[in-house]
Structures are given as C-alpha cells and as structure tokens.
Amino acid sequence: MRSSSAVERLAGRLSELAGAPVELERPQDPAHGDYATNVALQSAARHRRPPRELAAELAERAATLEEVERAEAAGPGFLNLWLTTAWLGEALAEIGPDYGSGSAERRERVQVEMVSANPTGPLHVAHGRNGAYGDSVARLLEYAGDEVQREYYYNDSGTQMGRFRASVDAVRRGEEPPEDGYRGAYITDLAALRGDPVPPMLAQIEQTLERFRVHFDSWALQSELQQRLDDYLPRLDTYEKDGAVWARSSAYGDDDDRVLIRSADVGGGPTYRAADVVYLADKLDRGFDRAIYVLGADHHGTRNWYASIARMLGYDEQRVEVLLYQLVHLTRAGAQTKISKRRGDVVFLDEFMDEVGVDAARWFLVSRGPDQPIDIDVDLAAERTQKNPVYYVQYAHARIAGILRNAEGHAIGGDAPPELEREERDLIKRLTDFPVVAAEAAERRAPQGIPIYAIRVADDFHRFYHEHRVVESETEAFRLGLCRATQHVIARCLDLIGVEAPERM
RNA sequence: GCGCCUGUAGCUCAGCGGACAGAGCGGCGGCCUUCUAAGCCGCGGGUCGGAGGUUCGAAUCCUCCCAGGCGCACCA
C-alpha cells in the first residue's frame, strides 16, 4: 500500500470536482499561482464547451476546498490555484527521509544487467557511464518499490579473451604482445603474477566498481550459459545452412537470421548469441518480472535481437527492456582521444576518479540524458572541479548540517506561521515536487532529472538562507523543520545518483 | 544503401503537448562585525537545424530534407 503526498491528495480532490483526472503543474510565472492545471483545456472538446467556461466553473468549486486560498481561471482555460499556508505547513511536515518513495504502481522483481565488460583490461570512462546510468536507474527503481538485482555478465572464453591471455603470455616470455593483442602497463602488471590473468583482472574491475559505488549482487558467466544451449534448442526456431546452425530471428522481428553454432570449418562451437538465448531465458525463468539490459549505443542492433528471441521462446517481450546510452568521447587538451582498450593511452575510470573525484565523476556521467553523447575534456574536467554543480548541491546539504549542529537540542518542526516569506513558500513548493520528480525519473529511466532538480532545490535553499535567519529567529522551530526537510530531499537526490551528502565542506 | 541516436544562448546541456523557451560555465557590475562567500543579487545573450502537417496550442507528435555520431560478423 502506497502513501500519497499532499500534492497527490490535492490533485485527487480536484479530480473529483472536475470529473476528470487532474494533473497539477508548477507554473513558471508566480502570477499563475502555486499550482495550475489544464483539465478544462483537456476536457473542453469532450464536453463540447468553451474551456474558459469550464475553468471558471471549476475555479468556483475549487475555491470551496479548505486548502485552497484562491482559484481563478486564466489564459485560454487554465485553472490557477493558490494554497493556504496551513496546507503548505502540512505538506512540509510529511517530508521525511523516505519522502516520495514507493511510487511504483505495481512492484516488480527487476534485474538490471550492466557494465558487463569482458575482463580484458581495466574499465574506462565509457564503462563508467554504463555503471553510473544503470546503477542510478536501479536505485530509482528500488526507491519506487521494486526489488532489484544488479548483475554483471562476462565471457572468459571467447576470441578476445584468447587474445588477452596470449598478450599476457607473450610478455611473460619477454616478447611483444601479438599484433591483435592487448598492451599497456596493466598487461605488464598481470604478467608479473602467476596463472590465469582473468581472475585478477576481474577482481580489479570489481574493485573499481565498488569505488565507483556500483555494487553487483551476482555475476553471470557466458561459458557456463553456453553449455546449456542444448536445453533450449528445441524451443527455438532454427535451421542449418553452410554447416552452421541459424536462429530464424528475422521471422520474429530481427533484421537478420543469426548464427548460433559455428560451422566446423571455422572451429564450430556456440556463438555469443547462443549464450544470449540461454541467458535471456535464464533471467526470466529465475523469476524476474523484467530484465533490463544497459548497453552502449554501439550495441543498438541487439535490441531487435533480444526482442526476437524473447518472442521465439514464447515470453512476453515487454519483460525485456534494453536501455541504450550514447558513447563518451574523451578529449585531452583539445585533441580527440579514441577509446581503445588495446592501446595504452586511454583514460581509465580509476584515473578519471583520481582526477575529478568519485562524486563529480558519478554526477557528471549521469547528469546528461542517455541519448546525449558526452564530451569530456579530461584536462578541463579536472580543472573545473570547483565549478562543478555537484559541489553547489553538496554545499547546501553541508550548510544545513551546520545549522542543525548549531541548533542542537532546539525544537524542530513547529507550525507554519500565518504569513510565510516568499523564499519559504518557494522552497516548500520545490520540496513537494520531489515525489513526482523521483517517480518520473524512475518510470522514464531518466536519472538526469534528479541532479537537475537537486540544483533547483539548492538554489531555493541558498536564496532562503541568504534572506532569512534560522537559529534564534521568531519562527525558529518551523524554519529548522524546513531546513531538515530540505536536507532529507537533497540527501535522497544525491543518494539516488550515488553521490555522497557531506555533513561538512 | 538500411537502422538507431543527436542538432535549443559564445560553450556544455535541461525542457519532450500548454500560458512570454531555462540552467551551468564564460563576460561585466554589486554584496561578508550575524547560522559555512564552495554563497547571494543585477546586466546582456536564442529564426529551439530547415520545410510542410496534426492540434484550441508544437522545441515537444507525424512526414520529408540538411548536418553530425554510432551500428549493420560464423567479434563481444
């Protein structure tokens, strides 16, 4: 059972009056009220009446609600509302640490598979984007009420892995890595160890991810999944051609048919696509309602592939969701640096964190929409550390922590005074937006909405702080409550994107 | 050639059906004997790539065109 926020309850009451679902929005222009709705515009056609007339009627009825101070029809047919300070006080009072959680319509068991880089080298910044994005989506879903498992999928037996091992072996023999192999300082480091270089490489990757605050619950291995292909072949639509076994995926929505088992003349054996089939079925059979894949845009071609095998295997394709994010382009001192693990000159995620810090790294990689490519001039990113908005938001949190320290032992959370200051009203209204912001970010898989909103909150708080004293003011208890509520919301925003909320700066 | 994504202020990007299009950075000018100046206030800046269409209403939806990125393996 989910609890509704004050804004939702208000919208519900207005919906009854209007006889249609009311969505409240926050107008940009303060002259348009605290909240506004366009129901009259929406339903005018259905009622075959002028929207302004409907809005005027609704305004009259809305004015009778006790929480509404004033209601008026405006513009082409908007309904503008001003709320009482008592209502704002109540809305503020319900803001706790978990404000806005549990918004999911129906709670699901969700698996988010992300990063999934094969252990041929250290993670680079593009993997960081995958992790920052995927993990933030996972956090948003958890906050909304879903049960989320984070999984990492990798291969330790494919062609690339062979080249990786051969490169390490070559260095161990004192030779150069093969032409198509991997090189760099990390290869030399691995060559100094004994045995298979894959486990230590994987351990290093996990360590990097933990530092990046992305924690995995489970790890899936391609070679294990491949072995179970025979169990699934009967459920698939396949045929033989040129000595290979093909999936008839084009009949299920993919652009082409795909090879599942190679022909003998190229060595035979299952392809990675064979593992895809087993893995997808395995995920859904493990009891997840939904399997989310987080992939770089260079893998967009696999979207139709996954959908087609879901269909072929008889699963509801809605349960499979592929999230794509555009690539990260790195520049150094203005010149484009091509990301390639096989060269030694790339910027690794660890280096990136060294240069800009974990908080700024996560903030930066998640604050652009996934469809937007990210350009990072690494030198500039390091320089700009002080200017990064993440510090602006963290500073607001630390400032509040300071105020609350100064007010230790004082009463927190008194009733709202009869007249609120403009900055107080603005801040409270901003805070009451949070449940909608968090819910939309989760539904749209769009975590970038969180940092943007957090900047707005910090904005409103800094302005309030600048204009009004908290400690030893006439409304101290109320203002302390306002500060604490703001701190809760900022801390939650930062947590949802994996950034720390410092007590001091 | 086909597919996916992008084109919004000098730069980096929000906004993705509503009332005059926003922020950060950069530029200029103010504000600290009071809870952290990593802060606040003010000034400038845009034919929302182009053309049609749908709608009471479009940066937002549809079509076409132009420009850029990324894909189109018996590699993962």
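Computed from a predicted structure; not experimentally measured. Every chain is numbered from 1, with letters handed out A, B, ... down the list of sequences.
Comparing rA23(B), rC75(B), rG22(B) by their nearest atom to the side chain of Arg262(A) picks out rC75(B). When distances run from any side-chain atom of Gln222(A) to the nucleotides rC74(B), rA76(B), rC40(B), the shortest one goes to rA76(B). Considering only side-chain atoms of His466(A), the nucleotide from rG18(B), rG69(B), rC40(B) that sits closest is rC40(B). Counting only heavy atoms from C-beta on, Gln372(A) has its side chain closest to rC13(B) among rU36(B), rC5(B), rC13(B). The side chain of Arg368(A) lies closest to rU12(B) when the candidates are rC35(B), rU12(B), rC75(B). The side chain of Gln160(A) lies closest to rC75(B) when the candidates are rU36(B), rC75(B), rG69(B). Distances from the side chain of Val471(A) to the nucleotides rC35(B), rC40(B), rC74(B) place rC35(B) closest. When each of rA76(B), rC35(B), rA14(B) is scored by its nearest atom to the side-chain atoms of Tyr272(A), the top-ranked nucleotide is rA76(B).
A donor-acceptor pair under 3.5 Å is formed between the side chain of Asn130(A) and the backbone N or O of Val115(A).
In this structure, Arg399(A) reaches the rA37(B) phosphate: one of its side-chain N or O atoms is under 4.0 Å from OP1 or OP2.
Contacts of Asp29(A) with the nucleic acid, taken as non-hydrogen atoms under 4.0 Å apart, include base atoms.
Taking the syn range as angles within 90° of 0, the glycosidic angle of rC32(B) is syn.
Of the two residues contacting RNA chain B, namely Asn38(A) and Pro389(A), the nearest-nucleotide position lying further toward the 5' end is that of Asn38(A).
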